[in-house]
Amino acid sequence: MTTGASLEELYREVILDHFRDPRNKGTLPNPTGTFSGSNPVCGDEVTIDLVVEEGRIVDVAFRGEGCSISQASSSMLAERVVGMPADDSRKLAAAVRTMLQTGDEPVDDVGDLDALRGVAKFPVRVKCALLSWNVLEQGLNELAPAS
Amino acid sequence: MTTGASLEELYREVILDHFRDPRNKGTLPNPTGTFSGSNPVCGDEVTIDLVVEEGRIVDVAFRGEGCSISQASSSMLAERVVGMPADDSRKLAAAVRTMLQTGDEPVDDVGDLDALRGVAKFPVRVKCALLSWNVLEQGLNELAPAS
Amino acid sequence: MSTPTIRGQAINAAAVRRDFPVLSQTVNGRPLVYLDNAATSQTPRQVIDALVRYYETDNANVHRGIHALSMRASDQYERSRARLALFIGERKAEHVVFTRNATEAINLVAHAWGDRHVGAGDEILLTEMEHHSNIVPWQLLAQRKGARLVYAHIGSDGQLDLDEMRELIGPRTKLVAITHASNVLGTINPVAEIAGMARRVGAPVLLDAAQSAPHLAVDIEALGCDFLALSAHKMLGPTGVGALWAREERLAEMDPFLGGGGMIDRVDEQMSTWAPVPDRYEAGTPSIADAIAFEPAIEYLEQLGMDNVRQHEIELNALAIDRLHSMPGVTIHGPQSPEARAGVVSFALAGVHPHDIATILDTEGVAVRAGHHCAQLVMRRLGVPATTRASFYVYNTAHEIEALVEGLGKVRRVFG
Amino acid sequence: MSTPTIRGQAINAAAVRRDFPVLSQTVNGRPLVYLDNAATSQTPRQVIDALVRYYETDNANVHRGIHALSMRASDQYERSRARLALFIGERKAEHVVFTRNATEAINLVAHAWGDRHVGAGDEILLTEMEHHSNIVPWQLLAQRKGARLVYAHIGSDGQLDLDEMRELIGPRTKLVAITHASNVLGTINPVAEIAGMARRVGAPVLLDAAQSAPHLAVDIEALGCDFLALSAHKMLGPTGVGALWAREERLAEMDPFLGGGGMIDRVDEQMSTWAPVPDRYEAGTPSIADAIAFEPAIEYLEQLGMDNVRQHEIELNALAIDRLHSMPGVTIHGPQSPEARAGVVSFALAGVHPHDIATILDTEGVAVRAGHHCAQLVMRRLGVPATTRASFYVYNTAHEIEALVEGLGKVRRVFG
Ligand SMILES: Cc1ncc(COP(=O)(O)O)c(C=O)c1O
Ligand SMILES: Cc1ncc(COP(=O)(O)O)c(C=O)c1O
């Protein structure tokens with residue numbers, strides 16, 4: 001933790017809410033693809049089922065093991081990208097990554113995901129928040145190569 | 001060097017004399033045994049030919065490569081032990097070793113070899129002086145096991 | 001905060017703390033409470049001073065120099081080796097090889113002894129509670145040689161089962177490699193009994209003493225092991241140096257491992273001959289300063305007395321176990337008795353991931369470790385992805401355990 | 001003593017000396033004249049301070065910790081890695097692996113790359129001027145695999161013969177392992193040319209930069225090598241840390257070497273998967289403090305400027321060669337031009353063994369090295385059992401070369 005960062009910036013109410021009550025947690029019956037990733041150092045794991053049709057994310061579910069930040073980040077991701085064109089969700093992932101790494105207010109509107117911004121003040125936890133976004137990007141690269 | 005030790009204690013005249021004009025240097029025609037040793041760290045090498053008859057050292061020659069101390073020590077050894085009963089030369093070797101390691105005046109009379117005593121003040125050079133004595137002992141252990 | 005009491009007769013931790021400059025800092029505005037000793041211990045002034053003294057007065061390469069600095073450096077380096085040997089009950093200093101850490105010591109045995117003595121179909125017996133550093137080197141050896149790893153299980157009490165051990169040690173067992181103390185569960189293993197079983201089948205025992213040498217009296221004769229690995233940085237010493245001790249007979253049946261300056265006798269174009277031990281296993285310029293500064297660390301532990309160190313940690317264990325048990329939702333992993341474990345307490349807090357616990361404790365200045373602790377097999381046995389671990393040492397106090405407990409109260413409030 | 005002059009514009013050695021506490025001592029009543037820099041360099045205040053700061057404020061295990069100290073230690077450890085990478089012209093820090101020393105770096109390549117790529121009948125090309133640390137690892141590899149070592153010869157001018165090199169590099173050559181600068185002769189080898197030859201047969205080049213990285217600008221792209229090994233303790237850094245740099249393609253074709261904590265991804269009972277580089281090659285707790293304190297050493301050299309360091313040593317070489325040549329009975333080994341060598345001058349004094357020279361110089365406070373310098377093949381090529389070596393660095397002065405020459409006068413008087 002950078003001195004001066006407070007716990008409230010990390011554990012925003014919306015994060016704790018997603019952690020306690022994750023959205024889209026589980027598996028999908030007929031995913032177009034299933035993608036996994038892990039942080040070997042801390043043991044976080046996440047698996048994402050994606051249904052992609054005509055360049056659009058039609059459905060998402062995630063499951064995995066990890067801390068509140070990685071779980072909440074996955075849940076917020078799942079809630080947010082359903083129905084999004086793949087290209088837009090790629091842009092969103094890039095914006096979230098920049099926000100997590102810099103702590104700056106994102107140029108693009110990221111909505112609720114702004115709640116993750118406080119993680120930037122806890123550098124060692126940034127990879128927890130990033131994990132599901134990395135997995136998403138990897139999945140999209142396979143299922144819906146950038147147009 | 002231990003502070004306070006002077007070069008004169010190391011390079012006694014008798015040592016420099018043996019170094020410049022080594023006794024019994026060379027090879028023997030029909031040695032009972034030939035024994036070698038080296039100090040890997042500094043590269044000194046010595047080989048000793050021994051003729052041992054009825055538990056007595058009848059003839060000795062040495063050759064090798066090394067610093068003034070190892071050469072002089074070998075030369076003094078060769079000069080001294082010719083004609084000596086093996087057991088006596090073993091005792092002498094032990095006395096020289098103790099002298100070199102402690103710097104104390106030897107209990108047994110070691111004669112000229114007392115000139116090596118100053119080496120004790122230069123711990124890193126002690127092994128130079130000891131090399132030929134180790135080789136002698138090893139040779140005697142093979143040729144004339146202690147009675 | 002009510003003042004907790006422990007008998008505190010074994011070690012005067014308040015006095016000890018004055019020797020550790022790092023402990024007087026604040027972290028996030030709170031006094032640092034360092035409870036991550038199983039990862040690395042803190043460094044007393046005496047060790048830091050030895051490092052400074054070395055670099056300010058004696059810095060030189062060892063063994064090969066005739067000049068004053070090189071002689072001083074060599075003498076101190078060898079003195080440290082002799083001191084360490086005595087610390088574990090060995091009189092012959094040359095049976096101790098300096099390595100970077102316990103991990104390298106274990107890898108050294110896997111190559112120098114293992115490659116010669118382990119073959120296809122042979123078994124190497126490990127336990128599920130090994131640190132990765134006492135697993136992976138044997139996996140790599142087994143892969144090179146077509147051997148197989150066999151694991152003794154951890155019982156629900158966090159202990160090995162000696163009956164199972166007896167069954168697992170058989171004619172195919174070529175080596176038994178076990179930890180003296182678990183870095184997750186704290187469990188202290190009955191090494192002498194296991195070594196006795198191994199001896200009956202002629203299998204040497206490698207003891208991973210990374211978590212025991214810092215915390216309890218270790219005596220190679222009483223333990224009956226053949227190899228012993230440890231790290232200075234876990235026992236008040238500097239990073240960068242550890243050691244392998246090996247029994248004379250075992251040293252005689254080992255091949256060279258790392259090649260280079262200092263470990264040779266004569267070098268020819270196609271092959272070389274080797275220097276005697278320990279030089280044979282110390283290729284290249286060693287961690288001279290670190291090895292020299294390891295000596296005052298050993299001296300520090302000797303002056304405290306290893307029995308007192310042990311007693312102090314038992315007292316801290318007892319207090320920690322008692323206080324943690326009083327919190328709702330806490331599960332303590334491993335043996336429940338304070339005497340059955342080294343100064344290590346891993347626990348779970350229902351509904352909160354260890355990383356969240358560690359982050360919140362850090363905001364309170366309390367340093368604990370959260371993760372798999374390089375012991376994934378233990379995590380799988382416990383059925384958890386990670387644990388939170390508090391680990392103690394000579395400078396830890398009852399107050400610090402209260403700080404831990406208070407910090408956990410805050411965790412509860414955040415996640416309540 | 002007449003005041004010797006060197007241009008001395010490259011480096012203000014008198015000012016530099018003030019940063020090196022060790023240099024202000026007397027030895028045997030005389031000011032220390034430290035001319036054993038090829039064995040190990042001295043340590044500036046900045047490096048010592050970094051060690052102290054680490055142990056007094058940040059000491060913690062790296063990578064695996066969430067708490068403040070562990071984060072600080074990890075950040076500094078990785079910052080040092082990145083700095084070192086840039087120092088040798090690499091932008092990707094993860095291509096640099098911290099080892100104990102150059103020797104371990106070479107052994108790492110011999111196992112992790114060599115065991116996979118070198119087979120029966122293959123050749124490894126070395127030169128006669130290699131340090132044992134760049135010979136013995138290849139002997140052990142050749143023995144494991146049935147390969148053969150081939151040696152390029154040292155000419156009477158102390159140089160390699162590029163025509164011979166061209167002939168020796170052929171389809172069987174699987175690796176070329178050469179030193180950038182000889183630790184005995186000072187010879188600086190034409191690495192880029194040799195790497196060009198090796199590239200034509202697809203053989204990677206391992207560069208032993210132990211004696212070059214401290215003394216001249218090293219740029220991996222200009223050199224065209226595939227692996228590079230160095231030691232911190234020879235370049236103003238602490239003992240206990242060195243590095244291997246490897247090209248990305250080579251890293252991709254290497255197997256794990258030392259196994260243990262920190263280098264894994266997932267551990268199962270029989271086999272594991274590996275962490276990405278550089279962690280894959282850093283098993284166990286690294287030399288954290290030493291690696292962190294390596295950074296200010298690099299910074300110190302960067303501030304002096306490696307071209308200035310080089311120029312300063314050429315000036316000292318020129319003076320030393322000139323003054324030694326003026327003494328009867330002195331033979332200087334290796335290239336005679338001051339520009340053709342790193343700051344190393346090995347010589348012989350007729351009728352006096354190098355050990356006697358070193359002992360007598362020591363009584364005058366002058367520290368030189370006498371012996372085979374871990375280069376027995378060079379000794380055999382020169383036809384001597386040992387040499388006396390004076391080696392220079394940034395803090396050495398023209399006065400100190402006078403002290404060496406005066407000391408040799410005393411040697412002459414003792415053995416006159
Ligand atoms: C040319 C050369 N290579 C390798 C080494 C080995 O360095 P270290 O002992 O630091 O591993 C040395 C040091 O003496 C050297 O001079
Ligand atoms: C039981 C055990 N073995 C081995 C090790 C490895 O020690 P090091 O990283 O110092 O090599 C550790 C340290 O974490 C340990 O706890």
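Naming: A, B, ... by sequence-line order, numbering from 1 per chain.
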Does any non-hydrogen side-chain atom of Y11(B) lie less than 4.5 Å from one of T359(D)? yes
Minimum heavy-atom distance between G416(D) and R20(B), given as atom pair plus value: O-NH2, 3.6 Å
Can you see which heavy atom on V414(D) is nearest to which on L16(B), and at what distance? O-CD1, 3.6 Å
Do you know which two heavy atoms are closest between H353(D) and S68(B), and how far apart they sit? CB-N, 4.5 Å
Atom of E65(B), atom of P385(D) and distance for their closest heavy-atom approach: CG-CB, 3.5 Å
Flag the pair V124(B) / H355(D) as yes when at least one side-chain heavy-atom distance between them is below 4.5 Å, and no otherwise. no
Close side-chain approach of D356(D) and I69(B), heavy atoms under 4.5 Å: yes
